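Predicted model, so just to flag it, every value in this text is computed and none were measured.
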Amino acid sequence: MDDPELLPTYIISFRVPPLDLGSLVDSDEEEQDIIPEDLPAPTGKYKLKYQQYATEMKEGYKQYIQRNAEKAKATSTLETSRNKINERCDQVEGASVDDLMTLDRKALLQQGYADSPYHIWNSTRKSDAETVAVEKKKQTVTEQMMIDHLSRAVISDPEQGLSTIKQESSHIPPDSERAPLRVIRRTLHETKIRTNSTLTENDLSRKVEFDGRVLSRNGRDACRELIGFFFTHDQSLTVYEYRTFGKNRTNVLPFIKKDIYSHQCGRRKGKHYQLGDFYTGATLTFLSCDHPSLPKSIKENTLLRLRITNTDQIALNSLKSASVEPGEDDTVSQEAHDRLVLQTVQGKLKEQLHKKGVRILTGLGKHFQHLDKAGKGLLAKADFQQALKIFHLDVSEQDFESSWLILQGSSHSKNKVDYGEFKRAIFGEMNEYRKSFVRKAFMKLDFNKTGIVSVIDIRKCYCAKKHPRVVSGHSTEEEIKSSFLETLKDDCSKSDEVSYGEFEDYYEGLSIGIASDEDFVNVLRTPWGI
């Protein structure tokens, strides 16, 4: 290999051209000039894609602006509601009232929960799901009722075997003592339910469907889901119960068998039930001894009282227009006068109950239970007069006597009145819409369906995180929860348990000071999560 030091040296020089800044600035224009002019025009496909892309961008921008506007509106609404809540809290703190009134107003402040758009949307979604579930239950009960009565009518109808009589008559001797088939009465599963003629689906379709509940202080009975039917073709009625066993098993059971029934008390005592007797808020009375299949807790009482909570108004109106009932002007006018007398007494007592409604109603319930040694739910006239004096309720002698005459006329016992009926007549009661939510809250607490809830379970389930005083920082969750339990336990018969009647009495007293149904429902929805 040659020595690199001996290799010749070559010098190569390169000339670097000067940098032209102007050419760099106009580079885009030069490139545009380079594009050939004979390229094909863009197709409609790409034009359509460009238009779609432009439209999507515009719509996205509009939605973005709309979302920002809604967020700003929700924020301002929430701030406004919080300011209102704070003002109410300051008013309550500044007022010189007793602890009970303060507690009642604390509960009333929970209506501010509904101001949040999220809670409105969430409650609407839950309400729609509940409505669908209720409709499915009603459809199941209706189908079961049709199957039961059609099958029993066919089996028990003596005319069903006429087609076979002619065939067998030739094989029966003339002097035989055997009764013909058409005379034999057939029953199904020893139910003893017979019909004079075969029912048809058309007869059973002319009916009014209604929801009902048992008027009882026992939670197991008061929370029963009852669905009844009144048939116009024979003026009969029947009631079924929708039962849930466990998580997935359900069954439809007869509660009151299909028959023609009469009023057991009141101005219409002894008269058959008619179409006009079925409306929301009406009370149906039955003798418990006539229904041996009823639960033991209901059969202990002489009367079974059912309250109609809802009716199929469309079917009711159509049947009323097609039927003509005999006029009872005297009875109707007397019942209207009775209602007017009771409403007058309720109006006078409402002012006295407005400030201390919870304490008085829960205390009366405990006092009446203490007086009722026999456990029949009946008390004498002197017991009610004494209770009114103990709780400092001013009722004139004339108003009391007028109310007692009305109650005595609607009672099945002599010289005694059911104290549940007395409270409903003298003090009034929540409407069925409000009571449905009270039952929902109690059923959520009553895991074992016993009608009694422990205070420990109530403490676990009661949620005070979103209480207005907690949100505003005026109170802690534990303080709100303790104040609620203190009022609830003070008037309970047992310190560690709360019955359905005591739970209902608390919200009955709270309901007196709340005019709007939606405000009352919001008081229940948020802490119990219903």
Side-chain angles (χ1 to χ4, degrees), residues 214-217 261-274 276-277 279-288 301-308 327-353 357 360-361 363-365 367-431 501 505 508 512:
V214 182
L215 284 178
S216 170
R217 293 180 64 85
Y261 295 97
S262 304
H263 295 268
Q264 298 301 320
C265 57
R267 299 285 186 181
R268 299 174 185 266
K269 185 176 181 180
K271 297 181 180 180
H272 294 320
Y273 284 109
Q274 298 180 354
D277 297 324
Y279 55 89
T280 301
T283 302
L284 309 180
T285 54
F286 305 89
L287 289 176
S288 299
N301 299 320
T302 306
L303 281 183
L304 165 64
R305 300 176 186 270
L306 295 184
R307 172 64 56 81
I308 298 179
E328 296 180 355
D329 295 337
D330 294 338
T331 304
V332 173
S333 61
Q334 289 174 355
E335 290 176 344
H337 178 264
D338 292 344
R339 288 194 295 269
L340 185 61
V341 171
L342 295 178
Q343 286 175 2
T344 303
V345 178
Q346 292 170 11
K348 294 178 181 179
L349 287 175
K350 190 173 183 180
E351 298 179 358
Q352 304 177 40
L353 295 173
I360 290 178
L361 291 184
L364 275 172
H367 180 73
F368 288 151
Q369 285 184 343
H370 178 72
L371 294 177
D372 184 21
K373 303 296 183 181
K376 298 292 184 181
L378 300 174
L379 293 176
K381 181 179 180 181
D383 296 330
F384 294 115
Q385 290 176 327
Q386 182 185 6
L388 293 176
K389 290 180 181 179
I390 291 175
F391 288 88
H392 306 287
L393 294 172
D394 297 330
V395 180
S396 64
E397 188 69 22
Q398 182 180 358
D399 289 341
F400 183 84
E401 290 295 334
S402 301
S403 304
W404 180 258
L405 289 175
I406 296 172
L407 292 170
Q408 186 63 40
S410 62
S411 177
H412 193 71
S413 302
K414 292 183 179 180
N415 301 325
K416 287 191 175 183
V417 170
D418 182 272
Y419 55 78
E421 287 295 313
F422 178 83
K423 287 176 62 178
R424 285 189 286 268
I426 298 296
F427 304 109
E429 61 177 329
M430 292 184 286
N431 56 40
D505 285 344
E508 189 81 61
I512 295 175

Review point. Is the number of heavy atoms from other residues, nucleotides or ligands within 6.0 Å of NZ (Lys381) greater than 12?
Key: yes
Review point. Is Asp372 reaching over with its side chain to a backbone N or O of Gln369, donor-acceptor style, under 3.5 angstrom?
Key: no
Study note, to complete from the structure: Smallest heavy-atom separation, Ala387 atom then Phe368 atom, equals CB-CE2, 3.6 Å
Review point. What orientation do Tyr261 and Phe286 show, parallel under 30°, tilted 30 to 60°, or perpendicular over 60°?
Key: perpendicular
Exercise for review: Could you pull out all residues at least two apart from Leu215 that satisfy side chain to side chain contact (heavy atoms under 4.5 Å, CB included)?
Suggested key: Arg213, Thr283, Arg305, Arg307, Glu421, Arg424
Review point. Can you name the one residue among Val395, Val345, Leu405 that meets side chain to side chain contact (heavy atoms under 4.5 Å, CB included) with Phe400?
Key: Val395
Exercise for review: Compare every heavy atom of Asp277 with every heavy atom of Leu284, then report the nearest pair and how far apart it is.
Suggested key: CD2-O, 4.3 Å
Review point. So, the side chain of Glu429 versus the backbone of Glu508: is there a donor-acceptor pair under 3.5 Å, distance only?
Key: no
Practice item. Find out whether Ile426 and Phe384 are in side-chain contact, i.e. whether some heavy atom of one side chain is under 4.5 Å from a heavy atom of the other. Key: no
Practice item. Only pairs at least two apart or in different chains count here, so list each salt bridge (Lys or Arg N to Asp or Glu O under 4.0 Å) that has a residue in residues 387-399. Key: Lys348-Asp399
**Study point:** Side-chain donor or acceptor of Gln264 paired with backbone N/O of Ser262 under 3.5 Å
**Key:** yes
**Study point:** side-chain hydrogen bond (donor to acceptor under 3.5 Å, both in side chains) partners of His367, counting only residues at least two apart
**Key:** none
**Study point:** Sidechain-backbone polar pair: Gln346 side chain, Ala425 backbone, donor-acceptor under 3.5 Å
**Key:** yes
Review point. What class does the angle between the rings of Tyr273 and His263 fall in, given that below 30° is parallel, 30 to 60° is tilted and above 60° is perpendicular?
Key: tilted
